[in-house]
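Please read all numbers here as calculations on a predicted model, not as lab measurements. Every heavy atom of this structure was used, including side-chain atoms; hydrogens, water molecules and symmetry mates were not. Throughout, numbering of the chain's residues begins at 1 and tracks the sequence.
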Amino acid sequence: MNAKPRISIVEDDPEIRRLLLARLEKEEFRVDAADGGTAFDRLVSAKGFPDLIVLDVMLPGEDGFSICRRVRAQSRVPIIMLTARGDDIDRIVGLELGADDYVPKPFNPRELIARIRAILRRMEPPPVERELYRIGMLTIDMSARAVARDGAPVELTAGEFDLLACFLSRPQRVLSREQLIEWTRGRDADPFDRTIDVQMSRLRRKLSDAGAGNLFKTVRNAGYVLTESTRL
C-alpha cells in the first residue's frame, strides 16, 4: 500500500488501547481507537472504514460479535478479533460472522503486528498481469482478490479468499487441514485449531449459494480437493 495503512482498535481496556496505539504507531501505521461500538461508529462516520480493524470480543454494551456482523454487512475490511485464550467458541463464532483472524488474550503485541502485516500484504494486489480462473459459473481474479458471477461480486472475507487461493494454485491436489492452516495462518499456528473447518464450510456455502454447486470434495482422513477449475 502506498499510504500508511490505517488501523482501528476497538477495545475497552485503556491499558491495552494505549499499548496497541503506541506499538502500532511505532510500526508506522496510522491508528485510531474506540472503547466500544458507539465510538467506533463515530470514527467510521468521520473517516470511513479503516484498512483493518482489531476488535475485542468482550465489550460493554454492544459486543464484538455484533460489531463484526454490522461491519461485514457493509464492508470487506479485514477484522482481527481478540478472544479469550482457549475459548474455541468465541473464535468459531467470530469466523462465522466474517472475521478474518483472531489473536487470543493475553497476547504478544509482536504476534498481533505480524498478523496485521500478513493480512495487509495479502490484501494488496501484486503488480503483475491479471491471473484469472473459471470455476463453474464463477470468475476469480487473483490479482484483484475478487470473485464474481456474471459481473456480480461474490463477497468473501480475506481468510476465505486465502483458502480459495490455496486450492486454485494447487489444482487437483488433496490439501490437508495442516497444510491449509500453515499456508493461511503461518507455521506457528495450532495444528489442532478447528476454525479452519469453519472457514472451509463458509467458503463452500458461499460458492454454492452463488450457483457454483459443490466444488469441493472431502477426502476422508486426508483433506479437501477442488473438483474443477480452469486458468483463463
Side-chain angles (χ1 to χ4, degrees), residues 1-124 157-160 162 184-186 188-190 193-195 198-199:
M1 295 183 177
N2 295 324
K4 294 179 181 179
R6 181 165 66 89
I7 311 298
S8 287
I9 302 164
V10 187
E11 166 65 65
D12 67 310
D13 187 314
E15 291 297 325
I16 295 178
R17 280 204 312 275
R18 283 194 290 269
L19 169 66
L20 291 180
L21 277 167
R23 292 299 297 267
L24 290 170
E25 287 176 345
K26 186 177 180 181
E27 296 292 327
E28 299 190 341
F29 291 107
R30 293 177 294 148
V31 191
D32 46 44
D35 61 4
T38 301
F40 175 68
D41 288 343
R42 287 197 295 265
L43 283 175
V44 172
S45 179
K47 302 180 179 181
F49 283 108
D51 296 297
L52 184 142
I53 301 168
V54 177
L55 176 61
D56 188 26
V57 170
M58 298 299 292
L59 294 169
E62 184 181 21
D63 65 22
F65 295 139
S66 176
I67 295 172
C68 179
R69 183 186 297 108
R70 290 197 294 108
V71 169
R72 192 52 74 229
Q74 303 173 63
S75 172
R76 294 175 60 194
V77 57
I79 299 172
I80 297 179
M81 301 201 78
L82 302 180
T83 69
R85 180 172 293 279
D87 196 338
D88 290 338
I89 297 300
D90 279 0
R91 301 173 188 178
I92 290 171
V93 171
L95 291 173
E96 284 283 7
L97 293 174
D100 298 283
D101 202 351
Y102 62 84
V103 174
K105 289 183 175 181
F107 59 88
N108 185 328
R110 292 176 61 186
E111 178 188 359
L112 177 60
I113 290 169
R115 292 194 179 280
I116 288 172
R117 291 195 183 281
I119 288 178
L120 292 176
R121 280 196 302 269
R122 295 197 296 265
M123 293 298 291
E124 185 174 0
T157 67
E160 291 159 2
D162 290 339
T184 60
R185 293 185 53 79
D188 296 330
D190 181 356
D193 184 353
R194 306 305 301 183
T195 53
V198 176
Q199 286 188 312

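Results of the salt bridge (charged side-chain N to carboxylate O under 4.0 Å, His left out) test with D100 over R122, R115, R72 single out R72 as the only residue that passes. Results of the side chain to side chain contact (heavy atoms under 4.5 Å, CB included) test with I119 over I79, D162, L52 single out L52 as the only residue that passes.
Note: K105 NZ to E11 CD = 3.5 Å, rounded to the nearest 0.5 Å. Here the CZ-NZ distance, from R30 to K4, works out to 9.0 Å after rounding to the nearest 0.5 Å. In this structure, CE on M81 lies 11.0 Å from CE on M58, to the nearest 0.5 angstrom. Atom CG of residue L82 and atom CG of residue L20 lie 7.0 Å apart, to the nearest 0.5 angstrom. Here D13 contributes atom CG and R18 contributes atom CZ; the two are 8.5 Å apart, rounded to the nearest 0.5 Å.
Without hydrogens or angle criteria, E27 side chain to F29 main chain gives no donor-acceptor distance under 3.5 Å. Panel note: side chain D51, backbone R6; a donor-acceptor pair is recorded below 3.5 Å.
Counting only heavy atoms from C-beta outward, the side chains of D32 and S8 approach each other to under 4.5 Å. Between V198 and R91 the shortest side-chain heavy-atom distance does not fall below 4.5 Å. With a 4.5 Å cut-off on side-chain heavy atoms, I53 and V10 count as touching. Looking at heavy atoms from C-beta onward, V57 lies out of side-chain contact with V93 at the 4.5 angstrom threshold. In this structure, L24 and I116 have side chains that are in contact, with non-hydrogen atoms separated by less than 4.5 Å. Counting only heavy atoms from C-beta outward, the side chains of E62 and R70 approach each other to under 4.5 Å. With a 4.5 Å cut-off on side-chain heavy atoms, F49 and R76 do not count as touching. When side chains are defined from C-beta on, D90 does not count as touching Y102, because their heavy atoms never get closer than 4.5 Å.
Legend: residues meeting side chain to side chain contact (heavy atoms under 4.5 Å, CB included) with R23, ordered by chain and number and at least two apart, are L19, P109, R110, I113.
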Inset, instruction - Walk me through it: do V44 and V71 pass the test side chain to side chain contact (heavy atoms under 4.5 Å, CB included)? - result: CA-CA 10 Å; V44 172; V71 169; over 6 Å; no
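Scanning both residues, M123 and P78, for their nearest heavy atoms gives CG-CG, 3.9 Å. Taking all atoms of both residues into account, the shortest heavy-atom contact from L43 to A34 is CD1-CB, 4.0 Å. The nearest pair of heavy atoms linking L59 to D12 is CD2-N, 3.6 Å. Closest of all the heavy-atom pairs between T157 and G98 is CG2-O, 3.2 Å. In terms of heavy-atom proximity, P5 sits nearest to L120 at CB-CD1, 3.7 Å. Here the closest non-hydrogen pair linking A33 and R17 is CB-CD, 4.0 Å.
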